[in-house]
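Worksheet: one structure, shown below.
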2 protein chains.
Amino acid sequence: MVAVANSTAAILIQKLSGAGGLSDAEQDGLRGLPVAVRTVAARQDILRDGDATGSCCILLDGWTCCYQMLNGGRRPILAIHVPGDLPDLQSLHLPEPDFGMVALTPATLGFVPHAAVRRLMEAFPNLAAAFWREALILAAIQRAWMAGLSRRDARGRLAHLCCELYLRLSSTGRTDGPAMPMPLRQHDLADALGLTPVHVNRTLKDLRDAGLISLHGRRLEILDWLGLRLAAEFDDQYLHLNSAEHAFA
Amino acid sequence: MVAVANSTAAILIQKLSGAGGLSDAEQDGLRGLPVAVRTVAARQDILRDGDATGSCCILLDGWTCCYQMLNGGRRPILAIHVPGDLPDLQSLHLPEPDFGMVALTPATLGFVPHAAVRRLMEAFPNLAAAFWREALILAAIQRAWMAGLSRRDARGRLAHLCCELYLRLSSTGRTDGPAMPMPLRQHDLADALGLTPVHVNRTLKDLRDAGLISLHGRRLEILDWLGLRLAAEFDDQYLHLNSAEHAFA
DNA sequence: CGCTGGCTTGATAAAGTTCAAACGGGGTGG
DNA sequence: CCACCCCGTTTGAACTTTATCAAGCCAGCG
């Protein structure tokens with residue numbers, strides 16, 4: 001366990017800098033956090049439902065997701081995380097997680113002990129607010145998913161997820177023009193969208209045939225942003241992105 | 001706007017007392033909060049999507065819910081709140097709500113200015129943690145709903161909601177043995193469960209015929225707790241209730 | 001070159017939706 | 001006090017979306 005490495009600190013500082021930015025002291029506080037960096041292979045569990053860890057993590061590289069296991073092998077995916085996300089801030093105050101977390105790609109995570117985070121938050125109310133803000137944005141994303149699961153059809157859900165992931169990824173500079181990596185297999189998409197893999201396949205074909213996206217070899221390209229937004233009834237406000245800078249803005 | 005009235009303080013203190021309880025200073029801090037109490041009629045909007053309020057609220061009496069409006073009159077319900085809940089802590093750090101909030105029954109709410117809450121949280125880290133905890137429990141409830149919307153059928157979703165609401169209400173002492181008030185109309189249930197009202201009706205009949213519940217005149221009685229839990233695959237851990245005391249425990 | 005994991009397609013079934021109509025009960029006005 | 005009305009509930013029948021089951025395909029890799 002070493003003090004946050006340069007790159008890690010940079011990611012954390014970028015993530016937590018809101019409109020006002022962070023003071024030097026706050027940035028130093030973040031740089032001083034003890035962190036254990038861990039690399040996991042794709043499909044490997046990071047956190048299992050029920051085991052308390054004593055630290056919370058920041059996703060430094062790769063994608064992860066949270067899921068819940070139900071009887072019969074059903075495995076709803078509750079959240080997808082991209083680099084910079086803080087997926088389990090909740091462990092700070094609810095030590096027993098009600099979900100599991102698994103890597104969707106090879107991933108690198110930084111684990112910071114709860115005690116250190118708590119100290120930091122008490123010393124810097126502004127940082128505490130920034131952490132809150134991150135947690136609340138993830139909750140807002142959850143709400144958007146709920147609304148989709150509840151009241152959108154397969155097409156709308158899939159289109160919405162594409163829009164969301166594109167913008168979230170774009171804000172970390174990991175898109176490539178209108179294209180982005182798409183590590184989720186159709187089976188994962190199905191678990192995230194509340195559909196069957198077969199139906200995801202058909203719905204993807206539907207969006208492809210409509211000229212909205214193309215998806216080949218783990219690469220998703222958005223061919224018609226406006227059309228996709230329309231199909232998704234997508235409004236990016238809930239993501240609370242600092243910069244609305246992306247290829248279509 | 002007056003200092004928190006006795007009953008309001010009591011509700012807040014009860015809600016925020018975790019395992020360790022609260023110190024006298026912390027309790028006094030809560031009692032000193034300025035609060036504007038407001039009563040709203042059933043079906044009346046409390047918060048409209050997009051309007052910032054500058055204060056966050058505690059539900060003192062009655063039921064409310066949060067929803068999102070989509071095109072075509074679709075109105076997914078994202079959360080149901082019962083007395084004692086703090087439905088919009090998120091407004092502290094994300095001033096523009098991404099949802100609306102409406103009363104399901106005549107309801108009484110206390111509104112506390114953000115500034116006062118922030119001061120309190122900075123002065124008492126223990127209270128800050130308690131507020132966090134509440135917000136995180138509501139997020140856990142959201143996750144449970146998501147899992148249901150994603151991977152449970154109508155019967156499982158409805159049964160799960162009954163279990164959840166019964167326990168949440170029970171923890172506030174508002175159940176009556178195996179029975180509880182059930183102010184949601186079938187139309188509301190449909191919006192909460194991602195179904196049509198017609199199908200909710202049929203699913204209710206299904207649970208009734210199975211001898212699990214009875215529902216008449218806004219009163220829900222649980223006839224077979226074990227059977228209902230089984231139908232719902234219900235595990236109450238995610239609710240993080242202090243006391244597991246209820247009629248069936 | 002043959003396996004394996006994931007993708008694609010087809011046929012059939014089930015769960016849930018839609019449309020439509022009737023029912024019921026509590027509250028109001030005549 | 002009765003009749004009516006309104007809102008929510010209940011039921012029926014036809015229809016759509018999505019699930020299920022099953023087989024074939026394709027590409028990367030040992």
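In what follows, every chain begins at residue 1, and chains take the letters A, B, ... in the order their sequences are listed. Note that the structure is a prediction, hence the values are computed from the model and not measured.
- One can place CG of B/Asp153 at 16 Å from C1' of D/dT17, the figure rounded to the nearest angstrom.
- Using a 4.0 Å cut-off between charged nitrogen and carboxylate oxygen, A/Lys15 and A/Asp85 count as a salt-bridge pair.
- Between B/Arg43 and B/Asp188 there is a salt bridge, since a side-chain N of the basic residue sits under 4.0 Å from a carboxylate O of the acidic one.
- Taking atom CG of B/Leu104 as the reference point, atom C1' of D/dG8 lies 15 Å away to the nearest angstrom.
- The CD atom of A/Gln186 sits 8 Å away from the C1' atom of C/dT8 (whole-angstrom rounding).
- Two residues, B/Pro197 and A/Arg152, neighbour DNA chain D, and the one matched to the more 5' nucleotide by heavy-atom proximity is B/Pro197.
- In this structure, the nucleotide among C/dC19, C/dG16, D/dA22 sitting nearest to the side chain of B/Val198 is C/dC19.
- The 12-atom threshold is not exceeded at CZ of A/Arg48, counting heavy atoms of other residues, nucleotides or ligands nearer than 6.0 Å.
- In this structure, the NE2 atom of B/His199 is 21 Å from the P atom of C/dA20, given to the nearest Å.
- Taking 4.0 angstrom as the limit, A/Asn201 places none of its side-chain polar atoms (N or O) nearer than this to OP1 or OP2 of C/dC7.
- Counting non-hydrogen atoms under 4.0 angstrom, A/Arg157 reaches nothing in the nucleic acid.
- In terms of phosphate contacts, B/Arg208 brings a side-chain nitrogen or oxygen within less than 4.0 Å of OP1 or OP2 of D/dT10.
- When rounded to the nearest whole Å, the span between CG of B/Leu195 and P of D/dT18 equals 14 Å.
- As rounded to whole Å, 13 Å separates atom C1' of D/dC6 from atom CZ of B/Arg185.
- Scanning atom types as modelled, no donor and acceptor separated by under 3.5 angstrom connect the side chain of A/Arg218 and the base of C/dG6.
- By the 4.0 Å N-to-carboxylate-O rule, B/Arg151 lies too far from B/Glu233 to be salt-bridged with it.
- Put simply, CG on B/Leu193 is 15 Å from C1' on C/dA15, counting in whole angstrom units.
- Residue contacts shown for B/Arg155 are absent, as no nucleic acid heavy atom lies under 4.0 Å away.
- Separating the NE2 atom of A/His216 from the P atom of D/dA27 is a distance of 10 Å, rounded to the nearest angstrom.
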Test side chain to side chain contact (heavy atoms under 4.5 Å, CB included) on A/Trp63 and A/Leu184; report intermediate values, then the result. CA-CA 9 Å; A/Trp63 295 38; A/Leu184 281 78; 3.7 Å; yes
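- Along DNA chain D, the nucleotide closest to B/Leu184 and the one closest to B/Arg202 are compared, and the more 5′ of them pairs with B/Leu184.
- Residue-to-nucleotide proximity on DNA chain C shows that, of A/His187 and A/Arg151, the 5′-proximal contact is made by A/His187.
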